[in-house]
Amino acid sequence: MIPNPLRDPRDRRLPRVPEPCALVVFGITGDLARKKLLPAVYDLANRGLLPTNFAMLGFARRDWGDTEFAELARDAARQHARTPWREEVWERLAASVHFVQGSFDDDNAFDELAEALRELEGSHGIGGNAAFYLSIPPSMFPVVLKQMQRTGMAESTPDRWRRVVVEKPFGTDLASSRELNSLVDSVFSADDVFRIDHYLGKETVQNLMALRFANTLFEPVWNGHHVDSVQITMAEDVGIGGRAGFYEKTGAARDVLQNHLLQLLALTAMEEPVEFSAEEIRTEKLKVLRAISLPDDLRTFAVRGQYEQGWLAGQRAHGYRQEEGVDAASTTETYAAVRLGVETRRWAGVPFYLRTGKRLPRRVTEIALVFKRAPHLPFADTDTEELGNNQLVVRVQPDEGVTLKFGSKVPGSVMEVRDVSMDFLYGEQFTESSPEAYERLLLDVLLGDATLFPRNAEVEASWAVIDPLEEFWAGTEPYAYRAGEWGPRAADEMLAAEGRRWRRP
Ligand code: BG6
C-alpha cells in the first residue's frame, strides 16, 4: 500500500476510509457547523481519513457563492481544528467545497441541490453516495425531509447510499419524538438514519465498554452485591451562552438528562453484548433504558434548579433570568438531578443518581461507582475516620482517565487507614490525542457504522423516563442556586435522605 503522508503514523485508531461520497450540511452557517462539523471535516482530511473522491456541500439562505462559503469554512476549521493546520490539506479540501443557496421551502433550491449532487458524480466521482446532516432546529425537519423525498435525494439504491444525520433534541417528549421518528423513517430507511448523541463519540465513553468487557477485574464487582450506588455527573461552568432561544424551551432535563446522561447510564448498567456490533450494543442499551424506574417520591428524589447571580473563577456571573433573551420570570431549569433505579437482577436496589447543571464550579463529566463499605473493619473507629467507600470513577472529561479510590495504611507506628487514589490518565499513558467526538461520529456516518448512534427505540425509552419528571415539574418554580455552587440544597438533601453525599469532583 502507498503510505499516506498526511496520516499521523502514530494514530492507529481510525484506519478505515469511507467510499467516495458527499457530505451535505443543512444549517451550515450555524454554531454547530462552525465549531464542530467543519473542523471535524478538516481534521479527518488532515489525517487522511476522507476518500480522495469527496465533496462537501453547504446549504443555507445566505447569498453566497462557493468562494465565500469556502472562506467561512476555512476560518471555522482553522479556528477550531484539533490537528495542526496545514494549508495544503485545506486547499485540496477547498476544491471540493460547494454552496447551494436557498430556503427550506424553496423547491428550486432543492432541485438545484439534487442537480449539484448529480454533477458531483461526474466531476468528483462521488459515486452517488451522500450523507445529509440536519444541523437545523427540529421544527425545520419536516419541510427539509419532504424536499428530499420530493427530489428523490433520500433514496438509497443498490448502487449508492443515502444517509441522514439527525441532531438532538429528538423531539420534546415521547409523543413528539415518536412523530419525528416516524417522519424520518418515512423518508429514510431505518439503517440510513444516524441520530447523534455526541457523548457516545467521546473516547472515555467508549472506554467504559473496554474497561468492563476487556478485563476480568471489574465485572465481578460491577453489580448490586458490591455497588452501593452510582453517581453520574455532567457539570458545566458555562452558562447558556447565546442559546437563550433554544434553552428557554428546553431546560437541563431535556437538553442533557434525556440523552447524554441516560446513554451514560445505559453503558454503565448494560450486560455484555454478544458482539461489538451496532445491533448487539444497541439492544443491550435499550434493555437498560426500558428497565429504568422512577422514584415514587419525586418531591424528594427529582430536583431541578436555576442559577442565580454569583461568582465563578473570580468573575461575577449573571443569574439565568438576567441572561440576554431569557424571560425575567423564567422557570426553565439549568440544573436537574434525579434518583433512578434499574430493575434488573444486576442492579435491583442500587440507586443511580444523575445530575447535570450549568454554572457549576467546574466542567466535569464522570461516572462514579460507589462500593459498599467493608462488612467488618478490624480497626478502632478513630483509626478509620477518614475512610470513605471504595470508588471507581471514570472521568469522561476533562483529564480523561479512571481513578480508583481505596483505603490505605498511613505510614507510621499506628494502624491508621485513610483513602488514597490510584489514577490512570489518558494523557500520561497514550501519545495519541483523542479524536473529537464529532470527528469520530462523522467518520462513522460516512462509513455506515451505526454502533455509536442511538436507535429510535432508545430515544423513545429515554423520553418515557423524562416525561413524568417534566409533568411533575410543570408549573413549579425551580430551586435557586448561586452560580459557582454545586446546585441547589435540595439536591444535597436528596442524597442525604438516604445517608449519602454527592461526590465533589
Ligand atoms: C450539548 C448541550 O448537547 O452538550 C449543551 O446541548 C452542552 O447544553 C453540551 O453545553 C456539552 O457538550 P460537551 O461536549 O462540551 O460536554
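Order of appearance sets the numbers: ligands from 1, and atoms from 1 within every ligand. Everything numeric in this text was worked out from a predicted model, so none of it was measured.
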(Q) Please tell me whether Asn259 and Arg254 have a donor and an acceptor in their side chains that are separated by less than 3.5 angstrom. (A) no

Which atom pairs, nitrogen or oxygen on both sides, join ligand 1 and the protein at under 3.5 angstrom?
unit_1	atom_1	unit_2	atom_2	d
ligand 1	3 (O)	Lys168	NZ	2.7
ligand 1	3 (O)	His260	NE2	2.7
ligand 1	6 (O)	Lys168	NZ	3.0
ligand 1	6 (O)	Arg243	NH2	2.9
ligand 1	6 (O)	Asp255	OD1	2.6
ligand 1	6 (O)	Asp255	OD2	3.3
ligand 1	8 (O)	Arg243	NH1	2.9
ligand 1	8 (O)	Asp255	OD2	2.6
ligand 1	8 (O)	Lys358	NZ	2.8
ligand 1	10 (O)	Glu236	OE1	3.3
ligand 1	10 (O)	Glu236	OE2	2.5
ligand 1	10 (O)	Lys358	NZ	3.1
ligand 1	12 (O)	His198	NE2	3.2
ligand 1	14 (O)	His198	NE2	2.8
ligand 1	14 (O)	Lys202	NZ	2.6
ligand 1	15 (O)	Arg363	NH2	3.4
ligand 1	16 (O)	Tyr199	OH	2.4
ligand 1	16 (O)	Gln397	NE2	2.7

Q) Aromatic ring centroids of Tyr481 and Tyr335 under 6.0 Å? A) yes

Is the Lys NZ or Arg CZ of [X] less than 6.0 Å from the centre of [Y]'s six-membered ring, within 45° of the axis?
X	Y	value
Arg86	Trp90	no
Lys202	Tyr199	yes
Arg212	Phe218	no

Q: Please identify each residue that fulfils ring-ring contact (aromatic ring centres under 6.0 Å, His included) with Trp486, with sequence neighbours left out.
A: none

